[in-house]
Amino acid sequence: VEMLADLDKDTVDVAPNFDDRLTEPTVLPAKLPNLLINGSSGIAVGMATNIPPHNLREVVAACIRMIEHPDASSEDMMEHVRGPDFPTAGYVLGRTGIRDAYTTGRGRIVMRARAEIIETDEGTKPRIIVTEIPFMVNKTRLIEQIAGLVSERRVEGITDLRDESDRDGMRIMIEMRRDVVPQIVLNQLYKHTQMQATFGTILLALVNGVPKVMNLRELIRHFLDHRHEVVVRRTRYDLDRALEREHILEGLKVAVDNIDEVVEIIRGSRDADQAGDRLRERFDLSERQSKAILDMRLARLTGLEIEKLDEELGEVRATISELRAILGSEERRYRIIRDELSELAEKFGDERRTEILGDFEDLTTEDLIADEEMVLTVTRSGYIKRLPVATFRSQRRGGRGLQGMNTKDDDWVEHVFRARTHDVLMFFTRRGQCYWLKVWQIPQAGRNARGKPIVNLLSLDDDEQVAALVPVREFSDERALVFATRNGMIKKTPLSAYQHIRLVGLNAINITDGDELIDVQVADGDDEVILATHKGMAIRFRETDARPMGRATRGVRGIRLSKGDHVVGMVVVRRETAADATLLTVTERGRGKRSAVGDYRLQKRGGKGVLNFRITDATGRIVAVKEVLPGGELMLISRNGVVNRQRADEIRVIGRATQGVRVMALDEGDELVDVARLASDDEEIIDGPGLEGEADAPPAAEVEVVVEEVE
């Protein structure tokens with residue numbers, strides 16, 4: 001009704017309808033900007049419009065702002081109009097598309113369904129409850145899309161899908177398996193279904209019959225101009241009617257004041273026409289006034305009616321004065337428009353339904369991948385792969401282990417370590433170059449698969465080999481990378497210096513001829529560093545002994561090596577864990593031991609260090625050192641690709657200058673090449689046969705006999 005108010009007061013132009021039988025208004029005299037509040041969508045020849053609906057209160061507030069500040073910009077309007085407000089509620093993701101639409105007339109607005117993840121008590125399945133969907137999305141079609149993805153196995157983990165909508169509102173229930181990550185499933189539904197949709201905004205409308213794409217300010221300005229014209233035409237119409245009424249009332253007043261003479265003229269006239277002519281001639285009246293006198297009832301001659309006549313004439317004259325004042329003042333007209341807008345906002349306005357979230361970027365592939373712990377392996381010839389940690393079962397110390405990779409005769413697994421799929425993986429080559437890759441970008445392969453060549457993932461030179469891989473969550477100035485080289489050099493550089501990695505890599509450390517990078521680790525600023533050599537020496541010194549340097553530097557001496565010796569490993573000991581940590585040392589013959597970090601006296605960097613392991617022909621030389629914490633697990637790997645996972649606590653803590661115990665049984669001609677530390681967990685040790693294809697662990701009694709013989 002408000003859209004049609006004052007239509008009968010000549011407020012808008014009318015034109016013939018399609019067959020010229022009737023007339024119709026060319027535009028409605030709307031009190032509200034319906035084009036913005038309810039939106040519009042249509043396609044014409046060579047053009048289209050797609051205007052989203054908006055909140056009535058917000059649009060009214062913007063109109064009032066424009067009235068009070070005519071020079072206000074679209075940005076000023078956006079302080080009141082926060083964005084589209086869809087009747088189906090849901091979310092609008094990000095403000096970039098809204099800003100584009102309101103400033104340029106075109107924008108891409110991302111809508112998302114409102115969904116809640118319900119993870120109940122253990123033993124029950126998690127669920128996703130959808131209560132609001134994007135604008136113009138059909139609920140039945142959406143459910144069919146989800147069901148299709150499940151049947152095509154494009155979305156894994158959904159076990160049930162039900163439409164539980166009723167008179168209280170919409171509700172779609174999606175039930176999942178207990179072993180899936182609900183947020184990952186929800187992200188996949190956003191990615192592949194209309195639970196996330198795009199509204200392509202085109203603010204196009206006809207301005208004086210000409211199509212035009214406008215920004216928010218122009219839309220509101222054109223509405224106010226239209227509304228101003230409506231108020232002017234309405235006021236003129238009301239003024240004309242008031243002037244007509246005043247004219248009639250003035251004639252009636254003349255008749256009442258001269259009633260005896262009027263009655264005598266009428267009685268003495270032959271007919272009404274003659275009476276009218278004589279009245280007009282006698283009292284100088286118009287034809288309308290004389291007709292009104294002739295049509296007047298005798299009841300109007302009572303004293304009360306005469307008083308009412310005088311009162312009505314006074315009111316009409318006051319109305320005429322007010323209407324003329326309105327027509328004479330633009331400020332008064334816009335004040336009327338503002339008051340009418342405020343009245344309608346108070347009467348019909350409601351709270352915003354659609355929630356606008358902050359800055360948003362489209363879902364990336366990473367958003368669809370669970371953040372899981374992985375084991376990564378890298379071979380000597382540069383093959384890399386990732387496997388879930390659960391692939392390898394825990395075993396007793398001394399067991400043969402589980403085949404983790406089939407390798408060629410001239411290749412072997414050189415690195416194995418733990419990372420999470422969302423971590424940034426930094427690759428450091430022996431020549432000191434750095435490359436950047438996400439863990440999830442590394443192909444996941446089967447237990448016996450070789451993996452994928454690193455050269456296919458990174459832009460490596462033909463003669464480059466990966467020396468260290470560092471998983472990083474975030475780059476900061478508070479943490480640093482500590483580099484160690486084969487010839488005993490060490491360097492420390494803030495981690496933030498490596499956050500902008502180019503596709504072709506960058507220089508992480510200067511490596512001199514005859515030297516190569518062997519390890520890189522992250523330090524927190526107050527840690528300690530242990531360097532261990534191939535011939536059984538080790539040195540422990542404070543991280544602060546190495547001052548921070550830039551990327552393109554060589555570093556300083558970390559340990560002074562004897563002839564023919566070289567560094568095989570570096571351990572960064574955290575200050576907060578130094579009391580509980582032990583240093584694990586393993587040899588190429590499968591021997592190893594744990595020693596307290598405190599057994600290695602603290603020295604200044606650059607010394608020769610202390611004895612770390614008593615080397616014999618039976619033990620072989622040192623191949624790796626690792627820091628081990630109570631409850632942790634280890635992954636040992638041989639040159640032939642045999643992997644052994646065992647609890648670190650099963651390796652006894654003994655002194656520095658000892659030969660250790662057997663930590664892994666090796667086949668003839670095989671040798672241990674590396675060890676990785678896994679996070680501690682609650683997984684119990686598995687005895688006997690495990691997964692298909694894995695070797696049985698020997699009974700505990702047999703293991704103890706072997707240990708006794710070694711000792």
Output the distance between atom [atom1] ([X]) and atom [atom2] ([Y]), rounded to the nearest 0.5 Å.
X: Glu58; Y: Asp85; atom1: CD; atom2: CG; answer: 6.5 Å
X: Ile146; Y: Ile174; atom1: CD1; atom2: CD1; answer: 4.0 Å
X: Ile184; Y: Leu189; atom1: CD1; atom2: CG; answer: 11.5 Å
X: His222; Y: Met214; atom1: NE2; atom2: CE; answer: 5.5 Å
X: Arg127; Y: Ile118; atom1: CZ; atom2: CD1; answer: 5.0 Å
X: Asn17; Y: Leu22; atom1: CG; atom2: CG; answer: 4.5 Å

Should the pair Phe199 and Phe135 be assigned to parallel (<30°), tilted (30 to 60°) or perpendicular (>60°) ring geometry? tilted
Salt-bridge contact [X]-[Y] (side-chain N to carboxylate O under 4.0 Å):
X: Arg233; Y: Asp13; result: yes
X: Arg171; Y: Asp168; result: no
X: Arg114; Y: Glu355; result: yes
X: Arg479; Y: Glu474; result: no

Got a sec, which pairs hit salt bridge (charged side-chain N to carboxylate O under 4.0 Å, His left out) with one end in residues 32-54, sequence neighbours left out?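 Listed by first then second residue: nothing to list.
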Closest heavy-atom contact between [X] and [Y]?
X: Val155; Y: Gln188; result: CG1-OE1, 3.6 Å
X: Thr201; Y: Ala101; result: CG2-CB, 3.8 Å
X: Gly90; Y: Glu132; result: N-OE1, 2.7 Å
X: Leu495; Y: Ser476; result: CB-O, 3.6 Å
X: Leu35; Y: Ala205; result: CD2-CB, 3.7 Å

For the pair [X] (side chain) and [Y] (backbone), establish whether a donor and an acceptor sit closer than 3.5 Å, ignoring hydrogens and angles.
X: Thr49; Y: Leu204; result: yes
X: Arg386; Y: Met374; result: no
X: Glu340; Y: Lys31; result: no
X: Asn50; Y: Ser41; result: no
X: Arg353; Y: Pro87; result: yes
X: Arg418; Y: Leu376; result: no

Are the side chains of [X] and [Y] in touch, meaning some heavy atoms are under 4.5 Å apart?
X: Ile172; Y: Ile143; answer: yes
X: Val472; Y: Tyr498; answer: no
X: Val92; Y: Ile98; answer: yes
X: Thr235; Y: Arg333; answer: no
X: Ile128; Y: Met176; answer: yes
X: Glu343; Y: Asp339; answer: no
X: Met195; Y: Leu142; answer: yes
X: Thr354; Y: Pro84; answer: no

Using the side chain to side chain contact (heavy atoms under 4.5 Å, CB included) definition, which of the options Val522, Leu481, Leu469 pairs with Met426?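 Looking at Val522, Leu481, Leu469, the match for Met426 under the side chain to side chain contact (heavy atoms under 4.5 Å, CB included) is Leu481.
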Under 6.0 Å from the [atom1] atom of [X], do we count more than 12 heavy atoms belonging to anything else shown?
X: Asn208; atom1: CG; value: no
X: Met136; atom1: CE; value: no
X: Glu24; atom1: CD; value: yes

What pairs with Asp225 under side chain to side chain donor-acceptor pair (under 3.5 Å), at least two apart in sequence or on another chain? Arg221
With sequence neighbours excluded, what pairs up with Arg106 under the salt bridge (Lys or Arg N to Asp or Glu O under 4.0 Å) test?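 Testing Arg106 for salt bridge (Lys or Arg N to Asp or Glu O under 4.0 Å), a comparison that skips the adjacent residues, returns none.
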List in chain and number order the residues that pass salt bridge (Lys or Arg N to Asp or Glu O under 4.0 Å) with Glu372, two or more places apart in sequence or in another chain; answer none if no residue qualifies.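 Checked Glu372 against salt bridge (Lys or Arg N to Asp or Glu O under 4.0 Å); zero matches.
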Qualifying ring pair (Phe, Tyr, Trp, His ring centres under 6.0 Å) pairs, either residue in residues 48-74, two or more places apart: His54-Tyr102
Summary of ring pair (Phe, Tyr, Trp, His ring centres under 6.0 Å) pairs that have at least one residue in residues 19-43, sequence neighbours excluded: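 Qualifying pairs: none.
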Report the C-alpha distance between Val231 and Arg227 in whole Å, list the side-chain angles of each, state the deciding distance to 0.1 Å, and finish with yes or no for side-chain contact (heavy atoms from CB on, under 4.5 Å). CA-CA 6 Å; Val231 171; Arg227 187 61 193 164; 4.3 Å; yes
